[in-house]
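First comes the structure, then the notes that go with it.
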Amino acid sequence: RKLEHKFNTRLEDSIMRVDKEVLRNRLSDITTKISDQCDLVENDLTSETQNLQLGYITEIGDHWQDADLQLRRLSEDFAGGISYIGKAAETKRCEAGQKIRDD
């Protein structure tokens with residue numbers, strides 16, 4: 001009976017050690033899977049964030065380009081107006097000079 005008891009005790013110890021090892025391995029597997037899933041989610045979020053940033057940058061670039069075109073048009077219109085005023089002033093000066101000579 002002592003031998004049987006000793007055998008059963010060692011068997012139980014052995015089973016508990018095996019169970020602990022199996023549990024450790026399962027815990028390790030589960031931890032690895034969770035870590036992998038977290039990495040995937042983080043990569044997805046990073047990718048989505050980059051896409052949003054690129055979208056905003058593109059949108060800002062489009063607005064900047066539109067504003068630049070409008071400023072160029074206004075600048076051309078202003079330059080044309082200045083040129084017209086300069087030509088009109090030159091014409092008036094010539095007319096005034098001619099009138100003075102005629103008088």
Side-chain angles (χ1 to χ4, degrees):
R1 290 190 175 200
K2 285 184 178 182
L3 187 59
E4 185 180 346
H5 178 70
K6 212 174 190 183
F7 176 78
N8 285 336
T9 303
R10 285 188 179 174
L11 182 62
E12 285 176 12
D13 286 347
S14 177
I15 289 171
M16 285 177 33
R17 274 185 262 142
V18 169
D19 286 347
K20 285 180 183 177
E21 190 62 34
V22 168
L23 289 173
R24 277 192 203 112
N25 287 338
R26 289 199 60 200
L27 180 61
S28 177
D29 289 346
I30 290 170
T31 303
T32 300
K33 287 178 183 178
I34 289 171
S35 178
D36 290 347
Q37 286 299 317
C38 287
D39 289 345
L40 289 173
V41 169
E42 183 180 3
N43 289 341
D44 287 346
L45 288 173
T46 300
S47 179
E48 189 62 29
T49 300
Q50 288 173 343
N51 288 339
L52 286 172
Q53 289 172 342
L54 288 175
Y56 289 140
I57 289 170
T58 301
E59 189 174 335
I60 290 168
D62 291 345
H63 288 304
W64 180 260
Q65 195 171 22
D66 290 345
D68 184 53
L69 287 173
Q70 290 175 358
L71 285 173
R72 286 176 193 253
R73 287 183 191 137
L74 289 172
S75 177
E76 289 170 1
D77 290 347
F78 182 76
I82 294 294
S83 175
Y84 176 78
I85 290 170
K87 288 178 184 175
E90 180 63 23
T91 301
K92 289 291 182 184
R93 188 186 68 75
C94 289
E95 288 174 357
Q98 186 63 41
K99 188 173 183 180
I100 291 173
R101 275 187 238 110
D102 290 344
D103 289 341

- Item | Pairing residues for Arg10 by the side-chain hydrogen bond (donor to acceptor under 3.5 Å, both in side chains) criterion, not counting sequence neighbours | none
Transitive ILVMFWY cluster of [X] at side-chain heavy atoms under 4.5 Å: who else is in it?
X: Phe78; value: Ile82
X: Ile34; value: Ile30
X: Leu71; value: none
X: Leu69; value: none

- Task: Please test Glu42 against Asp39 for side-chain contact (heavy atoms from CB on, under 4.5 Å), starting from the C-alpha separation and ending with a verdict.
- Result: CA-CA 5 Å; Glu42 183 180 3; Asp39 289 345; 4.3 Å; yes
Once side chain to side chain donor-acceptor pair (under 3.5 Å) is applied, what residue pairs with a partner in [range] remain, sequence neighbours excluded?
range: residues 85-100; result: Glu90-Arg93, Gln98-Arg101, Gln98-Asp102
range: residues 43-59; result: none
range: residues 67-82; result: Asp68-Arg72

- Note on the structure: The side chain to side chain contact (heavy atoms under 4.5 Å, CB included) partners of Gln37 (sequence neighbours excluded) come to Leu40
- Set of side chain to side chain contact (heavy atoms under 4.5 Å, CB included) partners for Asp29, sequence neighbours left out: none
- Ignoring hydrogens and geometry, is there a side-chain-to-backbone donor-acceptor pair from Thr31 to Leu27 under 3.5 Å? yes
- Could you pull out all residues at least two apart from Glu4 that satisfy salt bridge (charged side-chain N to carboxylate O under 4.0 Å, His left out)? none
